[in-house]
Engineer: 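One structure, as structure tokens, below. Some questions next.
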Amino acid sequence: MRVLIVEDEPYLAEAVRDGLRLEAIAADIAGDGDSALELLSINSYDLAVLDRDIPGPSGDEVARRIVASGSGIPILMLTAADRIDDKASGFELGADDYLTKPFELRELVLRLRALDRRRAVARPPVSEIAGVRLDPFRREVYRDGRYVALTRKQFAVLEVLVAAGGGVVSAEELLERAWDENADPFTNAVRITVSALRKRLGEPWIIATVPGVGYRIDTGSSGGAGDISGDRAGTGREGADRG
């Protein structure tokens with residue numbers, strides 16, 4: 001288990017980190033909201049322990065960002081705000097548990113392990129197709145054993161294509177499932193994102209364009225050639241996508 005501790009009191013944060021390590025729980029510390037968001041963007045965490053009153057983006061804002069990211073990271077709010085209204089607002093923000101200060105380290109460990117067990121039961125399965133391995137729980141992608149770093153939007157698009165199992169997914173469906181409800185239906189976002197995703201995954205290209213229909217994962221042995229011919233047979237804009 002790897003935990004992110006977001007706490008602006010250094011001595012408390014270090015004491016919690018050291019205590020968790022004794023329980024075989026790896027822990028990183030962020031002393032403010034900006035540091036927390038940066039660590040969340042570059043590391044995979046199983047749980048987040050948030051103090052609500054921190055410098056920079058508040059703990060509440062960090063919680064909102066975690067929920068909005070779709071990562072599914074459980075949130076335990078560890079705070080001195082102990083009124084019932086405080087707890088209610090914390091749960092409404094997306095907290096999975098709430099522990100008030102002062103607290104016993106043993107109770108924190110028990111709560112973290114309980115949250116991790118519940119998350120483990122709900123972990124979605126890893127998918128593999130055409131040499132691509134996609135782990136939706138850890139938000140990781142591998143191509144023929146090579147780790148591929150993707151943006152959140154590229155990951156979301158790939159997740160939809162992989163779930164289709166080689167079937168064709170229209171640009172409209174990708175826009176509906178990988179973007180929010182405010183997305184412009186006339187935007188080039190899907191085309192641009194698919195183009196960038198192809199490049200990230202590398203050659204031979206495995207995302208084929210089906211002219212006038214959409215995109216699919218090429219599960220055949222001639223994936224690279226299929227992608228090239230598909231784009232050339234498409235519209236001028238689709239051809240520009242490859243540039």
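The first residue in the sequence is number 1, and the count goes up from there.
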Engineer: Show the nearest heavy-atom pair for residues R216 and G167, with the distance to one decimal.
Structural biologist: CB-O, 3.4 Å
Engineer: With rounding to the nearest 0.5 angstrom, report the CG to CG distance, D53 to D8.
Structural biologist: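 D53 atom CG to D8 atom CG measures 6.5 Å (nearest 0.5 Å).
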Engineer: Side chain to side chain contact (heavy atoms under 4.5 Å, CB included), that's the test. Do V141 and Q154 meet it? Break it down for me.
Structural biologist: CA-CA 11 Å; V141 172; Q154 290 165 1; over 6 Å; no
Engineer: Please collect all salt bridge (charged side-chain N to carboxylate O under 4.0 Å, His left out) contacts where either partner lies in residues 12-24, sequence neighbours excluded, each pair once.
Structural biologist: E23-R113
Engineer: Within the structure provided, determine whether V6 and D51 are in side-chain contact (heavy-atom separation under 4.5 Å).
Structural biologist: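 A side-chain contact is absent here, since even the closest heavy-atom pair is not under 4.5 Å.
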Engineer: What side chain to side chain donor-acceptor pair (under 3.5 Å) pairs are there with at least one residue in residues 30-41, not counting sequence neighbours?
Structural biologist: D32-S35
Engineer: Minimum heavy-atom separation for S89 to R52, with atom names?
Structural biologist: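 Smallest heavy-atom distance, with atoms named: OG-NH2, 3.0 Å.
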Engineer: If you measure from CG on D96 to CZ on F91, what distance do you get to the nearest 0.5 Å?
Structural biologist: 8.5 Å
Engineer: List the steps and the verdict of side-chain hydrogen bond (donor to acceptor under 3.5 Å, both in side chains) for D28 and Y45.
Structural biologist: CA-CA 9 Å; D28 297 334; Y45 292 103; 2.7 Å; yes
Engineer: I'd like to know whether CZ of R146 has more than 12 heavy-atom contacts from other residues, nucleotides or ligands below 6.0 angstrom.
Structural biologist: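 Above 12, so yes.
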Engineer: Atom CD of E104 and atom CG of L110: how far apart are they, to the nearest 0.5 Å?
Structural biologist: 11.0 Å
Engineer: Would L93 and V67 count as a side chain to side chain contact (heavy atoms under 4.5 Å, CB included) here? Give the steps.
Structural biologist: CA-CA 8 Å; L93 284 168; V67 172; over 6 Å; no
Engineer: Should S170 and V168 count as side-chain neighbours, where that means a heavy-atom distance under 4.5 Å?
Structural biologist: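 S170 vs V168: side chains apart.
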Engineer: Could you see if L50 belongs to whatever hydrophobic cluster contains L108? Use Ile, Leu, Val, Met, Phe, Trp, Tyr and a side-chain cutoff under 4.5 Å.
Structural biologist: no
Engineer: Cluster question for you: counting only ILVMFWY and a side-chain heavy-atom cut-off of under 4.5 Å, with indirect links fine, are I66 and L37 together?
Structural biologist: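 Hydrophobic grouping puts I66 with L37.
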Engineer: Any sub-3.5 Å donor-acceptor pair from E9's side-chain atoms to Y11's backbone N or O?
Structural biologist: no
Engineer: D86 vs T79, test: side chain to side chain contact (heavy atoms under 4.5 Å, CB included). Steps then yes/no.
Structural biologist: CA-CA 10 Å; D86 295 323; T79 173; over 6 Å; no
Engineer: Under a 4.5 Å side-chain heavy-atom rule over Ile, Leu, Val, Met, Phe, Trp and Tyr, are L40 and L76 clustered together?
Structural biologist: no
Engineer: Out of curiosity, I129 CD1 to D218 CG, how far, rounded to the nearest 0.5 Å?
Structural biologist: 9.5 Å
Engineer: Please check if F155 and I217 belong to a single hydrophobic cluster, counting links between Ile, Leu, Val, Met, Phe, Trp and Tyr side chain heavy atoms closer than 4.5 Å.
Structural biologist: yes
Engineer: State, to 0.1 Å, how close R198 and W205 come at their nearest heavy-atom pair, and which atoms those are.
Structural biologist: O-CZ3, 3.2 Å
Engineer: Once rounded to the nearest 0.5 Å, what's the spacing between atom CG of L99 and atom CE of M77?
Structural biologist: 12.5 Å
Engineer: Evaluate the side-chain proximity of Y98 to R111: yes if any heavy-atom separation is below 4.5 Å, no if none is.
Structural biologist: no
Engineer: Determine the minimum heavy-atom distance between E140 and S44, stating which atoms define it.
Structural biologist: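 That would be OE2-OG, 4.0 Å.
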Engineer: Of the non-hydrogen atoms in I5 and A13, which two are nearest, and what is the gap between them?
Structural biologist: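 Closest approach of I5 to A13: CD1-O, 4.2 Å.
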Engineer: Taking the side chain as every heavy atom from C-beta outward, state whether K199 and S195 have any atom pair closer than 4.5 Å.
Structural biologist: yes
Engineer: Taking C-beta and beyond as the side chain, do Y215 and V190 meet within less than 4.5 Å on heavy atoms?
Structural biologist: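 Contact flag for Y215/V190 side chains = yes.
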Engineer: Has R2 got a side-chain atom pairing as donor or acceptor with N43's backbone, closer than 3.5 angstrom?
Structural biologist: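 Not a single qualifying donor-acceptor pair exists.
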Engineer: Only counting residues at least two apart or in another chain, list the ones meeting salt bridge (Lys or Arg N to Asp or Glu O under 4.0 Å) with R143.
Structural biologist: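 R143 satisfies salt bridge (Lys or Arg N to Asp or Glu O under 4.0 Å) with no residue once adjacent residues are dropped.
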Engineer: Under the criterion side chain to side chain contact (heavy atoms under 4.5 Å, CB included), I'd like the reasoning laid out for V49 against L112: C-alpha separation, chi angles, the key distance, then a yes or no.
Structural biologist: CA-CA 9 Å; V49 178; L112 291 177; 3.9 Å; yes
Engineer: What closest approach, in Å, do V62 and P57 show between heavy atoms, and which atom pair accounts for it?
Structural biologist: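 Smallest interatomic distance, heavy atoms only, reads CG2-O, 4.2 Å.
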Engineer: To the nearest 0.5 Å, tell me how far T219 OG1 sits from I206 CD1.
Structural biologist: 10.0 Å
Engineer: Taking the side chain as every heavy atom from C-beta outward, state whether L197 and L150 have any pair of such atoms under 4.5 Å apart.
Structural biologist: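 In short, these two side chains touch, coming nearer than 4.5 Å.
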Engineer: If hydrophobic clusters are built from ILVMFWY residues whose side chains come within less than 4.5 Å, do L47 and F103 share one?
Structural biologist: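 Looking at the clustering, F103 is in the same group as L47.
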